[in-house]
Number of protein chains: 2
Amino acid sequence: MAKSPSRKPRAVKGAAARPAAAKPVTIRDVAKVAGVSAITVSRALARPELVSPETLERVRAVVTRTGYVPNVLAGSLRTRRSRIIAAIFPQVSNTLFVEAIQALTERLREEGYQVLLGLSSYERREDELIAGILGRQPDGILLTGVSHAPETRRRLIAAHIPVVETWDLTPSPIDMLVGFSHEKVGAAMARHLLARGHRDIGLVWNNDARAELRRRGFLEVLAGSGIEPAATCLGPAPATFPRGREGLAQLLRSGKRFTAVACSSDPLAQGVIAEAQDRGLRIPADLAVIGFGDLDFAAHTTPALTTVGIDKVAIGRLAAEMLLARIAGREAGERIVDVGFTVIERAST
Amino acid sequence: MAKSPSRKPRAVKGAAARPAAAKPVTIRDVAKVAGVSAITVSRALARPELVSPETLERVRAVVTRTGYVPNVLAGSLRTRRSRIIAAIFPQVSNTLFVEAIQALTERLREEGYQVLLGLSSYERREDELIAGILGRQPDGILLTGVSHAPETRRRLIAAHIPVVETWDLTPSPIDMLVGFSHEKVGAAMARHLLARGHRDIGLVWNNDARAELRRRGFLEVLAGSGIEPAATCLGPAPATFPRGREGLAQLLRSGKRFTAVACSSDPLAQGVIAEAQDRGLRIPADLAVIGFGDLDFAAHTTPALTTVGIDKVAIGRLAAEMLLARIAGREAGERIVDVGFTVIERAST
DNA sequence: GGCGCGAATGGTAACGGTAACATCAAGGCG
DNA sequence: CGCCTTGATGTTACCGTTACCATTCGCGCC
């Protein structure tokens, strides 16, 4: 169309792709065909109650016939509401966050919001990622964790959009928060093992920020009973089964004696169990194992895994509610929500 | 709302939110401060090689100082390129797709693309979801599966954007395709059990579209040896551990004799194993179990699970490559890619 | 010395919606 | 009967960016 009278085909393989993308139908095209103005079409689609029944019907007919799809980008530009929520997670190939994502996405979808997924790969350039995402004008943003670069904090505040941090607690969130105390989780794990009579305890742990908090809580409780861990194997995120196996192998190699192993997450724990069983250790008789996360397999290993349960669905759903409330202008009830946790005692301890 | 020149605070808890969202910095603001035109700022950011070094530096300084964040929506509207890829999955709280999502997202991110996540909850209103998403003008779209409503197909074709279907094969994809043959997977599972000498076989299966294809392949091979399954327990998606337990319980209740159980996915298989062990059955001596998916726990159960491995990362990465190639105008090498599968023999059969 | 060329920069007009305000007809009411 | 209200629709401008087409200037070259 228009100017370029000389739009030459790109010579060589020209013909191949590009089905010329026939100029898409716009709201003005629909308006013309329906014999109304553009704004009336806009109203017919967005606020049908403002349009007379006859007009409405006519417009709808034309929309169906022409296959008109409103350009949300254009609308968002004008209204300054994108109906997009950005959600930043360290990763997804780890069941811990997935259920929250699911709950979040479904709840937001009910209100016409879409989720833009960002993966920050545990710290690596969260800031850059967020900077890029903010340009898309999300109406709200969900972050994982509460420790962010000062630059990131500044950017988010400057963006003037609701922000919900998740999976952790802090007295000074950027904006809103839904999570639980990792230190208390660690402490509860330690108390559980102590209550079972364990005094010689090994750790197979991850070194991401939140896992470190759990470890601190764990160690403090041990210290309160005058105990130090017998041995510790600390590895980088993400936590996987093989690392759990390797972790136990390493602890055993240290030559230290221990009757229980605490793990920073369930996959590590299952790895530890597998390795222990391969070496003929009985669980929990020879070795007690406790994990964290209550991933869906935890209840179904043999023996079933003692672990710490988190209501992941609640985190996702609450985060969605808080964002929605804020976007709607309602002041969300609480800005900080602690969803707590539960030590789930099963057969492995 | 509307008129109210007297924006009264909402009485009671008023003061709280709404920090008045000071009008955001635009490209013109930056231009003015830097003493250049808007288009020069645009070039400085998008194609720095077109701008003189001095100007570039000046513009960059102003950008940092003002905290300018380009409005991608406006840019996309003008250029007709959103740098968004929509990815539709039935669900995520099921590890099968998660690794593909991860690989997809990471690869796309490298090229400056963002992923818009859509969850279609296994068939429920995939069409509606896609209709909504197309309005956001994604530059490409990834679908799970190959069976879509005719309406959906029409919409996608009309959108004139690259489409990749995944996780299945068909000779007539909408556009591009990366997946594997579920029928062949089912057939391979059956052959594996037959080769192990099993003749009395139970099924614990899901009824989603692709699982049904695997079942068909499975049954055909059995039929080839004149065998019918001893008993079948068919349940709705998603596949979970508890359903696996329940599945085996149901098969046993049927009173039929069987020496092996095939499952439509690994979580079901692990559930079957757990239930069997609770009932004192030895695996694989009393009961052999085979799953599908090779989820990360499969190698670490006791006994380790025999299953069918899929290169999920390859699916995600390839889908990304194909979309990127097409967007860049290059004709992707193959439009249909079969990533195949592998029967992984472990201790459970 | 005139011309062509490339590098650097700018003015203007879209992109496709919707907010804001305007218009107009029909109906209620003193 | 004139005035105000309400419902339905239209006009215009603007959201913030970039494509497209100048324009300007310095420089090499015949």
Side-chain angles (χ1 to χ4, degrees), chain A residues 1-7 21-32 34-59 63 66-83 134-137 139 159, chain B residues 1-5 7 21-32 34-59 63 66-83 132 134-137 139 159:
Chain A
M1 69 301 339
K3 356 243 89 165
S4 81
S6 60
R7 166 83 49 89
K23 196 163 226 179
V25 185
T26 73
I27 200 168
R28 278 177 245 267
D29 299 331
V30 174
K32 199 169 298 172
V36 296
S37 70
I39 190 72
T40 300
V41 176
S42 173
R43 289 196 189 108
L45 298 175
R47 314 186 49 192
E49 74 278 8
L50 293 183
V51 170
S52 75
E54 310 85 64
T55 310
L56 184 55
E57 194 187 355
R58 198 143 33 90
V59 170
V63 166
T66 55
Y68 168 64
V69 178
N71 185 327
V72 181
L73 259 39
S76 298
L77 178 60
R78 180 70 238 242
T79 60
R80 294 157 168 292
R81 306 193 62 216
S82 63
R83 297 201 150 253
L134 284 179
R136 299 200 181 265
Q137 319 292 121
D139 289 344
Chain B
M1 53 318 335
K3 356 240 78 175
S4 80
R7 170 81 53 85
K23 196 162 225 177
V25 184
T26 73
I27 202 169
R28 275 180 248 270
D29 300 330
V30 175
K32 200 168 297 173
V36 295
S37 71
I39 189 70
T40 300
V41 176
S42 173
R43 284 199 271 256
L45 298 175
R47 315 187 49 192
E49 73 279 8
L50 293 183
V51 169
S52 75
E54 311 86 62
T55 310
L56 185 54
E57 194 188 356
R58 199 145 32 91
V59 169
V63 166
T66 56
Y68 168 63
V69 178
N71 185 328
V72 180
L73 259 39
S76 299
L77 177 60
R78 181 69 240 242
T79 59
R80 294 159 168 291
R81 306 193 60 216
S82 63
R83 299 202 147 253
L134 285 179
R136 309 210 110 108
Q137 318 291 123
D139 289 343

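A, B, ... follow the sequence lines: proteins, then strands. Residue 1 opens every chain.
- When the C1' atom of C/dC15 is taken as reference, atom CZ of B/R81 falls 15 Å away, rounded to whole Å.
- Here B/S42 reaches the OP1 or OP2 of D/dT18: one of its side-chain N or O atoms lies under 4.0 Å away.
- Shortest non-hydrogen contact noted between A/A31 and A/V41 is CA-CG2, 3.6 Å.
- Within the 3.5 Å criterion, the main-chain N or O of A/R81 finds no donor-acceptor partner in the side chain of A/D139.
- Here B/V63 pairs with B/V30, B/L45, B/V59, B/Y68 under the side-chain contact (heavy atoms from CB on, under 4.5 Å) rule; sequence neighbours left out.
- Side-chain atoms of B/R78 and base atoms of D/dT17 include no donor and acceptor less than 3.5 Å apart.
- Residue-to-nucleotide contacts include a donor-acceptor pair under 3.5 Å from the side chain of A/R28 to the base of C/dG17.
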Assess the residue pair B/V69 and B/V25 against the criterion (side chain to side chain contact (heavy atoms under 4.5 Å, CB included)); give the C-alpha distance rounded to whole Å, side-chain angles, the decisive distance to 0.1 Å, and a yes or no.
CA-CA 7 Å; B/V69 178; B/V25 184; over 6 Å; no

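- Considering CZ of A/R43 and CG of A/L56, their distance stands at 13.0 Å, rounded to 0.5 Å.
- Distance alone, capped at 3.5 Å, is enough to place a donor-acceptor pair between the A/T79 side chain and the A/G75 backbone.
- Among the atoms of the strands shown, only primed sugar atoms or phosphate atoms (P, OP1, OP2) are found under 4.0 Å from some heavy atom of A/R80.
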Hey, what are the protein-to-nucleotides 6-10 of chain C N/O distances that come in under 3.5 Å?
unit_1, atom_1, unit_2, atom_2, d
C/dT9, OP1, B/S52, OG, 3.2
C/dT9, OP1, B/T55, OG1, 2.5
C/dT9, OP2, B/S52, N, 3.0
C/dT9, OP2, B/S52, OG, 3.4
C/dT9, OP2, B/T55, OG1, 3.4
C/dG10, OP2, B/S37, N, 2.9
C/dG10, OP2, B/S37, OG, 3.0
C/dG10, OP2, B/T40, OG1, 2.5
C/dG10, N7, B/R43, NH2, 2.8

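- No side-chain heavy atom of A/K23 sits under 4.5 Å from any side-chain heavy atom of A/D29.
- The side-chain contact (heavy atoms from CB on, under 4.5 Å) search around B/S76 returns A/L73, B/V72, B/S82, not counting sequence neighbours.
- Applying the salt bridge (Lys or Arg N to Asp or Glu O under 4.0 Å) test to B/E49 and every residue at least two apart in sequence or in another chain returns B/R47.
- Rounded to a whole Å, the CD atom of A/Q137 is 17 Å from the C1' atom of C/dT18.
- A donor-acceptor pair is defined here as one N or O able to donate and one able to accept, closer than 3.5 Å; no such pair exists between the side chain of B/R28 and the backbone of B/A38.
- The C1' atoms of five pairs define one axis at each end of the helix from C/dG1-D/dC30 to C/dG30-D/dC1, and these two axes lie 50° apart (to 10°).
- Distance CZ (B/R83) to P (D/dT17): 17 Å, rounded to an integer number of Å.
- Atom CD1 of A/I27 and atom C1' of C/dA19 are 13 Å apart (whole Å).
- Using a 4.0 Å cutoff on non-hydrogen atoms, no part of residues 68-76 of chain B comes near DNA chain C.
- Nucleotide C/dG17 holds its P atom 9 Å from the CG atom of B/L77, rounded to whole Å.
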Passes side chain to side chain contact (heavy atoms under 4.5 Å, CB included), B/R58 versus B/V36? Steps please.
CA-CA 10 Å; B/R58 199 145 32 91; B/V36 295; 4.1 Å; yes

